[in-house]
Structure formats: C-alpha cells, structure tokens
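These numbers were taken from a predicted model, which means no experiment stands behind them. Convention: sequence-line order gives letters A, B, ...; per-chain numbering from 1.
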Number of protein chains: 2
Amino acid sequence: MPLAAAVRQSIPATVILPATRANRCEACPGRHDACATVRTSELERYAMTRTSQTIAAGTAFVDEGEPALNVFTVVAGVVKLFKLLADGRRQIVGFLVPGDMFGFAPNDRYTASAEAVSSVTVCRCSRRQLEHAFAEFPGVERQFLDAITRDLTAAQDQMVLLGRKTAHERVASFLLSLFRRQPNDDDSIDLPMTRTDIADFLGLTTETVSRVFTVLKGSGCIAINGSSKVYILDRDALAELADGAADEDD
Amino acid sequence: MPLAAAVRQSIPATVILPATRANRCEACPGRHDACATVRTSELERYAMTRTSQTIAAGTAFVDEGEPALNVFTVVAGVVKLFKLLADGRRQIVGFLVPGDMFGFAPNDRYTASAEAVSSVTVCRCSRRQLEHAFAEFPGVERQFLDAITRDLTAAQDQMVLLGRKTAHERVASFLLSLFRRQPNDDDSIDLPMTRTDIADFLGLTTETVSRVFTVLKGSGCIAINGSSKVYILDRDALAELADGAADEDD
DNA sequence: CGATCCGTTGACGGTACTCAACTACCGTGG
DNA sequence: CCACGGTAGTTGAGTACCGTCAACGGATCG
C-alpha cells in the first residue's frame, strides 16, 4: 500500500534520550502515564523517549505481512487492527486505546494491519531498540509479556463472542467492554468508530448493528445521541444480555 | 468442579533437579524436544525438570476462573481449551498439541478451562518456580513471550475464521491448520476430537460440521476413514476454499 | 447546492441452526 | 456368539436469524 508506506517514511527516526526521572515524550506532555511501554520504573530509568507521530483519522500506517520494524504505543486516539480475506471481507481483531501497544510479532512480520480511527498519536520504537531494552532491563520484557497476555485474554473473549453469541449479545458485550475501558463520570460511551467498523469487529453487518442499536434503544437499555454517543440506561439488563443469560422476559 | 480439583490434587509436587546437559523429564524419555518450556539452552542449564502427569481422555483438569497456580506444557496427547457462557454454550479457544503451553494468565486466574481430548501427558511448573526461572534466566521469559505471541497470532486468525468465514471455509481452514501442525508422511490428518469439539471450535453445530465433511468428500477434496482419519486429496482446492477465494467453479 | 458518506429502515432470501430419526460403532454382559 | 445400550456421527425437514439488496434521511464538504 503506497499510502501506508508514505506515512511510515514520514515518521522521524526514533531517538533515545538520557535518563531523567520525569522523562518527557513529545507525545506525552506530562509524564508517561498514557504510554504503556514506558510506564515501569525500569523503563523510566532507561528513559527510552521515542519520537511521536500524529496520524490523521482514516490513515493506514501498518500493513499485515510487512516486516515488523517497529513497535507502537498508542498515546492518543483510537486505532483499529484488522485482517482481510482475499475477497475483501474484513475482520477487526482489536481497537487500541491510549496505553495499548502493538506491532510485536513473531517471525518479524506484522500479523495485522493498523489504521487510525480518530486522529491518533503513537509512540514508535524500533524493534532493534526494543531488543536492546530487553537485554538491558528485564522488567521491560516482563511488561511486554503481561501486555500480550492481556491481549490474548481479550482475544479469547472475542472468540466466544464471535463463535457463540447472538447479534444482540455481541453488541451488548461490545458496549460494556468499551464502557469498562473509558470510565467516564456519567454512564456514557463514545463510539469513535463507524457502524461498519463495529460490524467488522463483531462479525456482523452494518445493517444488523444498526437494527440492534434500535432495538436496545426501544427496550430502554440505552439511549443514543447522534450515532457516536451512547448512554447506558439499564446496565444490569445489558450485562445479563452480554453474558448470555437465557433470555426470558420481554 | 470436584473432578478437576481431585485431578489437580493427585498431581505430585513439582521438583527441581540439578542441571545436566541431557536432563530428563519423566514425561520426555529422551530429551526435552517435545517440551517447549525447557527447550532453550538456558532452561536446559536451569534443568527445571518437572513432574509429569498423565491424564485420561475426557478429564477436565483446569477450570476457568480458578487461581492460576501452575503452568502446563503438553508432552503427549491433545488438550482442548474452552470457555463457557452462562447457559452452557461452549467455545473452544484452542487445541494444544505436544510442545504447547498454557496456564500463564494475567491477574492470576485461569482464563479458560482445559480438558484432555485424548490421553494426555503434561509437564507442570508452579507459578512461583516459573517466576524464579524468569528472574534467573532471561531467556525463559523471552521464550514465554514468543510462545504467547504465537498464541495471539493464532487467536487473530481464529477471529477472522469465526467472524467472517462460511462453514465450508471454516472446516477447510481447520483441516489445513491441523495438517500443518501434524506433518505426516502421507496427506492424512488425525482428528482426535469429536465432531462436537470441532463444531465448538469453529462456531458451528455438529450437524453442520458433518454436512460439510460430506460435501467436501463428495467434491473430491478429502476422503474420510472412520470419522477420525481424513485424507487430503486436493490440497489446492482446500487451501483456496480456506483463504476465502471468491468461489466460482467446484 | 449537488455529491458523498454514514446511518437507518424495509423487504426478501439464504446459510446455518433446531428438532428429529436413523445408522454405525463400541463395550458390556447374557 | 449375539443381544443390548449408549455414544458418536449422519442425514432430512423445517425454521430463524442474520445477510443482501434497496431506498431514504441527515450530515459534511467542496
């Protein structure tokens, strides 16, 4: 993909700065709170401050199958990871929010493509530098191990969703998992992605996603404001639906 | 589950033996070739020889949600990992063959249940000992990182299968992935698991799996011998089907 | 103001599920 | 040796959920 290649080339070279306790990353104005791979004390000592890159919404910047030269950490915005079949069918295998990391791959090829859902800021670390950090600071490797283990757990949950849940259950599960990841003061959820993205994540079509939203709205579980803002009205009902309780009433 | 708990209690305590180059595990008569977690030279130096346990087919020995006290490595046989919904729907999230590892979990709870498909031999390592090995030998942690990364990649492929492939494509993909994992001299595949297991792995029903097998047999792609032995007759056709080529001729 | 994209709603159809019957294969025991 | 019961697998008929195709409304943008 020429577009993604162009974006990749526009990313400035990664740099490693000397260690300071309150190290700064261009992307994280304050501390590295949003930047998972530099959150541990050991990595703070290492102070692997990387160059950040802001990416416009809708831009693809990693292509499945390409050499996995970099590992990325999302600092701001939302990223979708997806895989394609030969005829164009798409499965989104994950949405990444600030603090999530991706690009760590076996046999040195990216296993999925990445595209910015909203305007996105990522930190970027070359694979070579990462190996360097692994060698010098054992805590870094452990942090990656824990992060990937969490990803695997989420992937297993998603397999249950895709293999065994109904359309209603999928949407309910999706809304709740989004809600858990973006704890707002009120019971609202932001949906930065399109209905098509949601459908490709849940193994459905946009029409079905839209219809399920309408039904959930009609049954009083949720309220919708402008197609990107959802309010949870009956969280228990939603949770019951999401976990696959034998549906009885209504 | 009392059964699984009983099996767990019957597993003798893990022991650590002094290092020898050709270390022996009770389960691996020769070397540790089949035992992924002790395959590296560093772990061979560590010589974490663990007590093995043989488990009868059909026995559950890990329950989702229980404290993740041990990490297991399959030495012989096939294990299924699965998750259940409240009403009993089941999704198998993976089949483990010799060399595969499981039980490494975040927040110290097993994320899935495990059950022996055939008669199974596993090596068992307590979480505490594993942490010890991590601290002493950096290579061990890296090995786990690579193993979990491979698991994650497989999980992503499975998400594509479950979310976007038709029943025929799922079965074709399943047969080919089994074939890749058990390289026989001829083009045969052993199916140690039942049709219900296959269905719960592929997000289908047993009836659909059976029907698809019949169709594939009728179209000359495969031959079936006694419901547990499959011969690949037309591998290209199977691969084309599995990867989601726009189906034209047949 | 037209174009385009996104989201919603409706009508219809197909793939896979449900329910059911039947067969094959085991191991057990008469 | 064969009857017997239980499990696994196959096949058939009918159905339902969700996908496909299509039309429409609203928002954004040049």
Side-chain angles (χ1 to χ4, degrees), chain A residues 56-59 80 85 87-91 115 117-119 161-172 174-175 190-218 222-230 241 244 246-247, chain B residues 56-58 80 85 87-91 117-118 161-174 190-218 222-230 241 244 246-247 250:
Chain A
T59 307
K80 59 187 174 198
L85 291 178
D87 61 0
R89 279 174 286 175
R90 187 179 67 155
Q91 177 67 40
E115 186 176 321
V117 170
S118 57
S119 180
L161 183 149
L162 293 170
R164 286 298 177 222
K165 289 189 181 178
T166 66
H168 284 75
E169 291 164 351
R170 293 181 200 202
V171 172
F174 174 68
L175 290 176
D190 285 314
L191 301 177
M193 67 289 289
T194 66
R195 294 288 187 272
T196 303
D197 286 341
I198 297 174
D200 283 348
F201 183 56
L202 301 180
L204 302 170
T205 59
T206 59
E207 294 94 331
T208 298
V209 171
S210 183
R211 274 186 253 271
V212 171
F213 272 127
T214 303
V215 171
L216 290 179
K217 193 169 54 178
I222 62 172
I224 299 178
N225 186 346
S227 89
S228 73
K229 192 86 176 176
V230 172
L241 186 56
D247 46 351
Chain B
K80 59 187 171 197
L85 290 178
D87 62 359
R89 277 173 287 174
R90 188 179 67 156
Q91 177 66 40
V117 170
S118 58
L161 182 148
L162 293 171
R164 287 296 175 225
K165 289 189 181 179
T166 67
H168 283 76
E169 291 164 350
R170 294 181 199 202
V171 172
S173 302
F174 175 68
D190 285 313
L191 300 178
M193 67 290 289
T194 66
R195 294 287 187 273
T196 303
D197 285 341
I198 297 173
D200 283 348
F201 183 56
L202 300 180
L204 301 170
T205 59
T206 58
E207 293 94 329
T208 299
V209 171
S210 183
R211 276 186 251 270
V212 172
F213 272 126
T214 303
V215 171
L216 290 179
K217 194 169 54 178
I222 61 172
I224 298 178
N225 186 347
S227 88
S228 74
K229 194 86 176 175
V230 172
L241 186 56
D247 47 352
D250 65 283

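Between Arg195(B) and Phe213(B), some side-chain heavy-atom pair lies under the 4.5 Å cut-off. The side-chain heavy atoms of Leu162(B) and Gln91(B), taken from C-beta on, include a pair separated by under 4.5 Å. Residues Phe174(A) and Val212(A) fail the side-chain proximity criterion, which asks for heavy atoms closer than 4.5 Å.
Between the CZ atom of Arg170(B) and the P atom of dT15(C) there is a distance of 14 Å, rounded to whole Å. Taking atom CG on Asn225(B) and atom P on dT10(D), their separation rounds to 12 Å, with Å as the unit. Atom-to-atom, CD1 of Ile224(B) to C1' of dT23(C) comes out at 16 Å; the value is rounded to the nearest Å. One can place CZ of Arg195(A) at 19 Å from P of dG25(D), the figure rounded to the nearest angstrom. Separating the CZ atom of Phe213(B) from the P atom of dT11(D) is a distance of 12 Å, rounded to the nearest angstrom. Summarising the geometry, the separation between CG on Asp200(A) and C1' on dC6(C) is reported as 14 Å, rounded to the nearest angstrom. Here dA8(D) presents its C1' atom at 11 Å from CG of Asp197(B), a figure rounded to the nearest Å. Spacing between atom NZ of Lys229(A) and atom P of dG7(C) amounts to 16 Å, rounded to whole angstrom units.
For the segment residues 201-210 of chain A, the set of residues with a heavy atom within less than 4.0 Å of an atom of DNA chain C comprises Glu207(A), Ser210(A), in numerical order.
Considering every non-hydrogen atom in both Arg170(B) and Leu202(B), the closest pair reads NH1-O, 2.8 Å. Contact record, Met193(B) with Ile198(B): CG-CG1, 3.6 Å, taken as the closest heavy-atom pair. Listed here is the closest heavy atom pair of Asp190(A) and Pro192(A): O-CD, 3.2 Å. Taking every heavy atom of both residues into account, His168(A) and Val215(A) meet most closely at NE2-CG1, 3.6 Å.
The backbone N or O of Phe201(B) sits nowhere less than 3.5 Å from a side-chain atom of Arg90(B) that would complete a donor-acceptor pair.
Ion pairing between Arg89(A) and Glu169(B) holds under the 4.0 Å rule for side-chain N and carboxylate O.
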Which pairs, protein N/O on one side and nucleotides 11-14 of chain C N/O on the other, fall under 3.5 Å?
none

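Residues Thr166(B) and Ser227(A) each lie close to DNA chain C; by heavy-atom proximity, the contact nearer the 5' end of the strand is made by Ser227(A).
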